[in-house]
Amino acid sequence: MRHLDPTILVVVLGAAALSFAQPHMPGWVVYLLQIAIAASLPALGCMILLRSGLLSFGQGLYYFIGAYGVALVHAHLGISDAFLGILAGAAASILVAGLVGFFIARYRGIFFAMLTLAISMVVYGMAVKMDLFGRSDGLNVPRLSYLGFTPSRAWAQTSLFVFCVWVWAVFGIATHLYLRSRFGKLLTAIEDNETRVEYLGWSVRHAVHINTIVAAVLGSAGGALAAASARYADPSLAYWTTSGEFVFIVLIAGQANVLAPLFGSVFLETLRTYAAAFFPDEWQLVLGAVMLAIILFLPKGLGHLFALAGRALRPRRATAAPIEEDRT
Amino acid sequence: MTRSRPAAPVLECRGVAKSFGGFAAANAIDLAVSEGEVVGVIGSNGAGKTTLLNIVSGHLKPTKGKVFFRGEDVTGVPSRTLARKGIARSFQVPQLFPTLSALENMMLALSLVAAPRKSILSRFDDADLATAARDALDHYGIADCADSLVSELPQGVRKLLDIAMATSAEPDLVLLDEPTSGVSSEEKSDVMQRLADRFAATGTTVVFIEHDMDIVRRYASRVVALTDGSVIADGPPEEVFAHATVADVIVGEPLPEGDA
Amino acid sequence: MNLALIILVDGISYAGWLFLVGIGLTLVFGVLRLVNIAHGGFYAIGAYVAAYAIGAAASYGLGAGPQLLLAFAGAVVVGGLIGFLVERTVLVRLYDHPEVLVLFATYALFLILEDVTKLVWGGASLYAFQPRNAFGTVAIGSLSYPVYDVATVVIAVLVALGTWFVLNRTRTGRCVTAVVHDREMSAAMGVNVSAIMTGTFVVGSMLGALAGAVTAPKIAVSPGIGVEVIVLAFAVVVIGGLGSIGGAVVGALVVGLARAFATHLFPDLAVFAVYAVMAVVLAIRPYGLFARPVARKI
């Protein structure tokens, strides 16, 4: 406990390295990484929900809210500050998840998955018809400023990349601390035995509700980064296939450590880049086939993913020594 | 216990009834348990023993009647609230976290119950917590198994772990649902002796359901016999076992002619 | 008065369609215990096959009746074949897996089916309005209503009655009911559970394709029609209680009437009507109107 947690060390060193490497990376790699970083945050939200055995097919809703947080504070308040944009999205998603949580926190399994899906689809259906959200075209997002500092055109790309990297670092470390806390252990225990959790004096529903809100904040942060990178926000962010990609990320990467969704996300974006080059119209087919191949041919690995929730990688002898969580 | 107020019984059921559809699982049960008593509840299968425990522990709402804990009406209060008030319960089938080690199970129980002392957001993997959990396991004599996964533990240890977790908050009232069921006959008296020692040391009030009449005779200070959801006998063990219906229906050894 | 009639007729017509869309989903859930997201894919395939068959039949100069017959038969056969392949090659390996993983596998299948439909028929819309126009309209009170839409309701009723008959009056049906009730027990009693599961999935796929085929003459058949349908179908069967046939009937009627009501009185809210009903029902009865509550034994 006196020495530094390895995950935190990796995140900080990685973020620093990426920040300095940016000017030397080709543009497409920078963009790919930015999008991957953005998508990995809602996937991280899926991951913490899966710790309690809950599969969310609706994280896209918070991705959408985060993206529109940035777009709307600019369109209506004229604010183009990156931090305020993220905060606006996070506040809105706390509100929405707080309300939605009352409804979905009592559902499990298929019901949880399908209800989260239905809720995000309602928002999608609403957004494509509302001028506020720019209908199906969406809204443009300005070039961002950072606490009063507006980078020159030449430095805008670097600034945004560095911002994305460090936003991820902050959320990644916070999530890591959250998962290794007593509450984090409780989340895992919920999948194991809800009855016992209740008889220990804890409300499973409250815990799931809180976790839903935390996952929502992660999703909205990712949405803000995605909108800032793509320079627009549109309703398709709330579409269920967007949410499906977040679950896909967790599916391929495992969920033992907060870094896992980041690697999964980079894998997905790389796959998308190459699939777009070789099979421009069959992206879904490629995605579906890869997913199916993983499910069918790596059942053991995925069994760990979903049923064992990465616990197989934790040491069997729990002692006071720090638990080194490895990535699958 | 510091909270003891001798005036009100620890637990009181007044006319508690529960029916599922048309079937009456409990019929107007009256029961008062005082501080420090160790009450054995006996009855044949379907007599309403577990239903009674489920109602008292907040798992079921009674159809009729009221439950009081230290004079406070707790009818229909959910189990998690009762757990915080000081009613703990163990289960016929131990309710554990099977993918964690025994020590981690205990650590989780302690960190949830003892949350006020340390934030729920503080690190789970903490030396003080681990020490406290090891001590708690030691109280029940199962510290040797601390590092084994729950799924690898023998039934007797699981039963004890289940009870150790339930009682981690030092409750005033402990409800045990067949503490020795599924435990081999060699382990049985060992399990029960450890429990009895532990509860005697803390002065905890205990209500336990048990099928093994020798165990009941040996460890209960009072016995309550249920048949078809009603109390048919209630008193010191020797009195209750001398009751004709109890001997005939529950114990299965009818009293000799004229002895009733 | 007239408005009430319009709402009622629209509502029932929409309910008939919803039932056709939902029945396969709920049947598969009841027996296989999985929510088949690929159901939307079967619906889309059914619609494409039907639109193609109607076009082909029309070019040979066949009338509206034979066009439809060919369309429905073609959709059901193709849907059933693909369903058989999917169950035998993919799902059968996953029955022991956690339900979220199976859910995800059906999602992957859905993505694949969608793109395969696009590869076969291209990205442009297919139109097959001929049969619906050929049948003309019928007077219901003061309304004139397409005969085809009335026929849709009749087909839905026939499918409902047929399903009820098979499940309750045939030996196979009783085996299916037994599997729904308790899979292990049925296997112990000598029911061929694996065959029942394959058969149910094939029938479910056929029903999904049939729903698509019935819908084809009413819409522009284009990529993406399967997606909406899966969400709607889920809403319908969840309201009734997943796995309950009677529940699907009631769910379809409730959603159909609610939507017709909203469409005519509060057009802006039509999108929400379905979800609002679902939210209310689930808030009162968390597992739907007709689902058996699962007791937690401790």
Side-chain angles (χ1 to χ4, degrees), chain A residues 50 53-57 102-104 106-115 117-126 128-130 191 194-196 199 239-241 244 247-248 250-251 279 281-297 299 302-303 305-308, chain C residues 29 33-35 37-38 41 86 89-91 93-94 96-119 122-123 223-224 227-228 230-232 234-235 237-238 242 268-272 274-276 278-279 282-283 286-288 291 296-298:
Chain A
L50 265 172
L54 296 171
L55 179 68
S56 168
F57 250 110
F102 282 111
F103 180 59
I104 59 166
R106 60 171 144 166
Y107 294 97
R108 299 291 175 268
I110 285 162
F111 280 84
F112 188 89
M114 296 307 277
L115 289 174
L117 187 157
I119 291 165
S120 70
M121 286 302 283
V122 171
V123 172
Y124 169 79
M126 197 169 64
V128 293
K129 290 205 167 67
M130 284 172 73
E191 193 192 3
E194 292 193 18
T195 305
R196 172 50 84 196
Y199 274 93
Y239 204 59
W240 71 306
T241 48
V247 190
F248 173 74
V250 184
L251 183 87
F279 314 97
D281 294 325
E282 293 88 31
W283 162 238
Q284 292 196 38
L285 183 71
V286 173
L287 190 64
V290 172
M291 263 158 54
L292 210 54
I294 292 175
I295 295 169
L296 286 177
F297 302 114
L302 294 165
L305 225 182
F306 281 89
L308 304 175
Chain C
F29 179 84
R33 295 279 135 192
L34 64 90
V35 170
I37 294 182
V86 162
T89 56
V90 178
L91 295 181
R93 296 146 156 262
L94 297 176
D96 299 332
H97 288 53
E99 66 178 1
V100 286
L101 200 59
V102 183
L103 186 72
F104 214 66
T106 66
Y107 172 60
L109 284 169
F110 171 76
L111 292 179
I112 294 172
L113 288 182
E114 269 233 316
D115 266 9
V116 166
T117 348
K118 239 193 294 179
L119 279 178
V227 174
E228 277 171 74
I230 180 66
V231 183
L232 265 180
F234 178 76
V237 299
V238 127
L242 267 171
D268 290 341
L269 298 179
V271 193
F272 301 105
V274 175
Y275 300 103
M278 180 166 90
L282 292 184
Y287 294 97
R296 202 165 45 138
K297 191 158 172 54
I298 58 171

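Residue numbers begin at 1 in each chain, while the letters A, B, ... track the order of the sequences.
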Legend entry - Residue, of A:Val286, A:Val290, A:Leu54, A:Thr241, that accumulates the most heavy atom pairs under 4.5 Å with chain C: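 Top count of heavy-atom pairs under 4.5 Å with chain C: A:Thr241.
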Inset, instruction - Pick whichever of A:Phe248, A:Trp283, A:Phe57, A:Phe112 has the most heavy-atom pairs under 4.5 Å with chain C. - result: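 Top option by heavy-atom pairs under 4.5 Å: A:Phe57.
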Inset, instruction - Let me see the working for A:Leu296 and C:Leu94 under side chain to side chain contact (heavy atoms under 4.5 Å, CB included), right down to the final yes or no. - result: CA-CA 8 Å; A:Leu296 286 177; C:Leu94 297 176; 4.2 Å; yes
Inset, instruction - Taking all heavy atoms of A:Gly288 and all of C:Ala108, pick out the closest pair and write down the distance. - result: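 Result for this residue pair: O-CB, 3.5 Å.
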Spacing of [atom1] belonging to [X] relative to [atom2] belonging to [Y], to within rounding of 0.5 Å:
| X | Y | atom1 | atom2 | answer |
| --- | --- | --- | --- | --- |
| A:Ile295 | C:Arg93 | CD1 | CZ | 12.0 Å |
| C:Leu111 | A:Leu292 | CG | CG | 10.0 Å |
| C:Asp115 | A:Gln284 | CG | CD | 5.0 Å |
| A:Leu285 | C:Leu119 | CG | CG | 6.5 Å |

Mind checking whether [X] and [Y] have side chains closer than 4.5 Å, heavy atoms only?
| X | Y | value |
| --- | --- | --- |
| A:Leu251 | C:Leu101 | yes |
| C:Ile230 | A:Trp240 | yes |
| C:Lys118 | A:Asp281 | no |

Legend entry - Part of C:Leu113 lying under 4.5 Å from any heavy atom of chain A: neither
Inset, instruction - Check each atom of C:Leu103 against the heavy atoms of chain A and say whether the ones under 4.5 Å are side chain, backbone, both or neither. - result: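 Answer is side chain: those atoms of C:Leu103 sit under 4.5 Å from chain A.
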Inset, instruction - Kindly check if the number of other-residue, nucleotide or ligand heavy atoms within 6.0 Å of CZ (A:Phe279) is above 12? - result: no
Inset, instruction - Can you sort out the partners of C:Val238 under side chain to side chain contact (heavy atoms under 4.5 Å, CB included), two or more places apart, ordered by chain and number? - result: A:Phe111, C:Phe234, C:Leu242, C:Met278, C:Leu282
Legend entry - Engaged part of A:Met114 at the chain C interface, taking heavy atoms whose separation is under 4.5 Å: both
